[in-house]
Every structure is written in C-alpha cells, then in structure tokens.
Amino acid sequence: MSTLKAVRVPPELEPLFERAEAYVRSYFAEMNADASRGVIEFHGERYIRVRAASISIEFFDLVRSVYQGCQDADEVARSLLFDVAHAIGLADSRDFQREMGVTEPLEALSTGPVHFAYTGWAFVDLSDQSHPTPDDDFLLVYDHPNSFEADAWLEAGRSSECPVCVMNAGYSSGWCEGSFGVALVAREVHCRAQGHEACRFVMAPPHRLSERIGAYAVANPDVPIAPGPLAPRFFEQLRRRDDELVQAQRMEAIGRLAGGIAHDFNNLLTVILGCAEQLESALPEGVDRRNAEAIVGAAERAGGLTRQLLALSRKQVLDLRVVDLAQVVSNLRPLLDSLVSSHVRLVVGELVAAPVEVEPSALEQVLVNLVVNAVEAMPDGGTLSVAVQSSGGTVRLRVQDTGVGMAPEVRARMFEPFFTTKAGNSGLGLATARGIVGQFGGTLEVASEAGRGTRVEVRLPVASGAAPATPERRAPSGSTGRTVLVIEDDDSIRAMLARFLPHRGYVVHLASSARQALGIAESVEHIDLVLSDVVMPGGHGPAAVEAVRRHHPSARVLFMTGYAEQQLEQLPADAEVLRKPFTLDTLHERLAALEDA
Ligand code: ADP
Ligand code: MG
C-alpha cells in the first residue's frame, strides 16, 4: 500500500516519489515566518505568499479591462502567466536539484509534483499514459483535481470557454524542462472552469504537443478536448526560436568565428601551399612527388573549408557535386592524422566507394567537426574509428570513439548551437554538422552513453552519376625580369615570396610595414609591380600603396587578402585582388596578366 500523500502516480513510480515526498516534507517541515522583518523562510530559503485569485481570474479581469474587451486580452493574460510560471518552475526545479544533489532526471522530476502540492498550486495525479523520457518522446498526462486557478474561477461563480489553468501548465512544464534538459510545454485539455470533472494536462516537447494532444483525443474520446489556443505564446516563441532565430544566430556566430580566423588561417595556408609547390617543382624528374602533392591538395581543401564557413554564414547556396564519399575521407586522412593526438589511435576502417551529392569542402567540415569532438572526448586516449559503408540506397559515414560519452542531459542539448560542456569551445560543431548534412538531404544520428563512447552516423542518399576526377592543375608560364615590391607583415609569407619570385625571374624588394615600403620606394629607381597585403598592424595596405605610387606612378598593384568583406571595402573599386590562400601558379599568372594589361 502506498504511503504517498502529496501526489498520486502509477505503482511502478511509487518508490521514487516516496523518496521525493519524504525529502520535500522535511524541507517544508518548519516555517520560519518573521513578520517583524517581513520574511518567510523554509529550509533557509525565502518564499512569498500570493493570494491565488489575484494571479488568476482577477488578473484576467485586469487585462480585459486594459484591452477593453478586445479578444486578444485573454490571450495576452494567458501568455504572460504561462511564461512567468514556466520561468518560475524552471528555476525552482534547478534550485531543488542543487539543494538535493540529484542529477538523475526522473528523480529531479519526482520532487516537482510534491513541491507543487506543498506550495499550494495543486495536487498532481500522474496518469499511466505518461512516458517521461529525456528526449523527443517525453509525454506526461496528469490531473489537477483542485488547481488554484480553476478554484478561483469557480469560487467567483464564473466559467470560462477556454482552459484557465495556465500557470499550472507553465510551472509544471518549466519544472520538467529543468529536470530533463528538454524543452517542454503543457496544455490543459479539460478544465473544471469549463465544467469538466478534473483539470487534465498533456505535456510534451513543443513541436510534438499538437500531435500528442491529437493522440490523446483519439484514445480518450468520451470527454471532448477543451477549445482554445493550442498552447500559449511561449510555445510559439519556442518554436520560432527553434527554427528561424536559432538558424540566424548560428549563421551569425559562424560568420564571426570564420571572419575571426580566416585572416590568420589563410595566411598560414598561403605559406603551406606556396612552400609545398616550390618543393614539388624543385624535385628532379622521376622522383616520387606524392608527398608534396598531398600537402598542396590538403592546403587547398583547408582553404575550401574556410570559404565554406564564410559561405555558410552568408547563407550561400551550396555548390553540390557528385563525389565519392570514400575518396573524400581518404583524401582527408593527412588532416585527420594531424587532428588526432598521439595517445589516440585512428582506425580508418572499410571505405566503400559510394557516390554522394555534396559540397566536398562542407562534407569535410562535418567530418572534421566529428573527429575533433571524438578526440576531445578522449583526453586519456582511446580509439577513433572512421568508416564508410553503403547499403540500400544509403551511404553511411561512421565516426566512433571510446571516449567519455554523453549523459542524457548533454545528449538532449548537443545539437543546440552554442551548447558546449567544454571551456572555451563554441558549441557549434554538431549544430553546423547537422545543418550541412541536412542541406545534402541526409541525416546525422548520435548514439552515446556516459562512459561508453559515442557513435555518430551520417546517412546520405546514394547519388546517381559517377564521381568526376579531380581537376588538373595548370603549369606556370615563363619568367619576366621585372621588379616587384612586396608589402606583407607576415614573415613566413614574405619569406616564401622571397624564394619564389626570383625563380620566376623577378627582382624582389621586401617590406614588412608601410614605413619600410616607403623607404624602399624612395631609394630604388624602378618598381613595376606592387604586391601588397590589405590589413597590417601599424599601417594600412592601400595607404602604403598610394604612397609608393607617388614615387612610381606606373607601378601596377595586386592586393592579397585573407578574407574579411570589410577589407575589400577599404580598396578602390577597380583594385586587383588575390584571395589567400593562393597557389604560386595563380600568383604568377595574375602578375603576368597585370603586366600585359
Ligand atoms: P563543442 O565541441 O564546441 O562543445 P559541439 O556542438 O561539437 O560543440 O558538441 C556539443 C557538446 O556535445 C560537446 O560540448 C560535448 O559535451 C558533446 N559531445 C559532442 N561530441 C561528443 C563525443 N564524441 N563524445 C562526448 N561528448 C560529445
Ligand atoms: Mg565540437
């Protein structure tokens, strides 16, 4: 026989709720009320008493009078009360979890209804139709036989066309959201203020509430569902936040992030590309050049990644191509090796050739995000496996680790942009990865358990058509014998250009600042070409170039930029611009074209 007094639940949940009740009973056992200080406390925590009708029927009446009978009045009142109560429930739940030291979601939830009873909101009778799991399937069906809100209406001798227990709905869904880390809302389906026997509620994640209420109506046909809006405004906000707003915030953050790293990153890539190219061309005939080519290829793909980040933030349409997923993965192998720290073993398993229609650099970004997460989840070492399989029209890219795994609360929020459990991380990895995969018409599934590792599976539809071969790179043309002034603050890029340009027959002057550039311009007799960075500490590329051209008006100018749209705005409209990272072949072509012009 159950000893529960403050709540009624299905038998299998009774032991859990008995513990909760014992705890909450002792919490509220002693009230410390001191009117001389205007303070009421339970368990050292301050509480306030509010007359129930004032925030129910009397509040509705107030809003109706302000809105002078406009139909929106009830909707406004409902939304406000629901929102406020949801926020209070969420905060109370978190506070209680801290107090009690509970982390297990069901345990945290179980104190909710008991707390509810002890604070006088309502008694809760939890139906066995409930299914409280910390995911999309969360469902709670429960009765309040005597909610303070319905009572307020009945005592005033009034009835309502719509359900009135909005604070109860808001508070209880806020509490459960705080316990489970899953966005939740509740809607009253039967209300005593409408003449029903009990107030009954259905609680679910916002995007599933209408489906859940529909299913409830089908399963319980004897009592019609109360009319009225599906859920208060809070619900709509949540939904909007879920799609448009989150999307916009995500894109903006990606844009900021990409803009922030693109400049330095592209400088590095320019050096990597240029040096690898020089290495390659310096190799004698008949020597194996695959390593040098691999560096060039990887650096070009890395440049594609930065462009992709930038493109995503600008909401550009993806440039879809049919490629072999296995090839994409094996091309990325050197990059993956560099991401994996020495104590992690990288196992590249079966790579079954399979055509998919994607933007290769974006797909690479997905893989890199997943690999980085896996590595970060294995601070003490472990195994990371990557594999590509294909069956029944679906290609599967699997990334699996033996790392720390995720607790249910983390799993529930892992796709949220900005959600991170790591100090200093952006929390955008999985959000972006899922977004990109979705744009390719695929899905991204995560299976993970605390302490048992994580498996991520990207599923993409098999594309029709064959994967085209990678394009060939063009050979550089002949030499020129002209004078180039290089203005670039990045030491390694300058050094690389100093080695490369003489090879192509140029006489090179190097300046690392605007001042140096001007010094050179004043002292040398002739300058044909100026190759200048746009943004430099302690000087501004275009201004330096202007100064140089006062001495050498016929010099032609090529600007190098590592992205940032605002950099381009600083340039004259007709300026020649070379985007970093660039290959030396491209640089040579552009310089030659400038001379011909
Ligand atoms: P970030 O890596 O910047 O934190 P993500 O969106 O990539 O952001 O991941 C969100 C959160 O999901 C991480 O902070 C981490 O808690 C969890 N997570 C993601 N991947 C894994 C993994 N492979 N193993 C364990 N936890 C992971
Ligand atoms: Mg990450």
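In each ligand, atom 1 is the first atom listed, and ligand 1 is the first ligand listed. These numbers come from the heavy atoms of this one structure, side chains and all, not from hydrogens, waters or symmetry mates. Fair warning: this is a prediction, and the values are worked out from it, not measured in the lab. By convention here, the first residue in the shown sequence is residue 1.
At least one heavy atom of Gly405 lies less than 4.0 angstrom from ligand 1. Residue Asn369 places every heavy atom at 4.0 Å or more from ligand 1.
Only the side chain of Val410 comes within 4.0 Å of ligand 1, counting heavy atoms alone; its backbone N, CA, C and O stay farther away. Residue-level proximity to ligand 1 for Thr454 is carried by the side chain, the only part with a heavy atom below 4.0 angstrom. Residue Leu370 does not touch ligand 1, judged by heavy-atom distances below 4.0 Å.
When each of Tyr27, Tyr171, Tyr23, Trp121 is paired with His115, the side-chain hydrogen bond (donor to acceptor under 3.5 Å, both in side chains) condition holds for Tyr171 and for no other.
The pair Asp135-Arg411 does not count as a salt bridge, with every side-chain nitrogen at least 4.0 angstrom from each carboxylate oxygen.
Contact annotation: the side chain of Val372 never approaches that of Asn369 to less than 4.5 Å [non-hydrogen atoms, C-beta and beyond].
Of all the atoms in ligand 1, the ones that sit under 4.0 Å from a non-hydrogen atom of Ala377 are 22 (C), 24 (N), 25 (C).
Without hydrogens or angle criteria, His86 side chain to Val185 main chain gives no donor-acceptor distance under 3.5 Å. With Arg208 contributing its side chain and Asp136 its backbone, the two residues share a donor-acceptor pair below 3.5 Å.
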>> Working note: Leu363 + Leu460, criterion side-chain contact (heavy atoms from CB on, under 4.5 Å); need CA distance, chi angles, decisive distance, verdict.
In response: CA-CA 11 Å; Leu363 185 65; Leu460 294 167; 4.2 Å; yes
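Any N or O atom pair closer than 3.5 Å counts here, and Leu430 shares at least one such pair with ligand 1.
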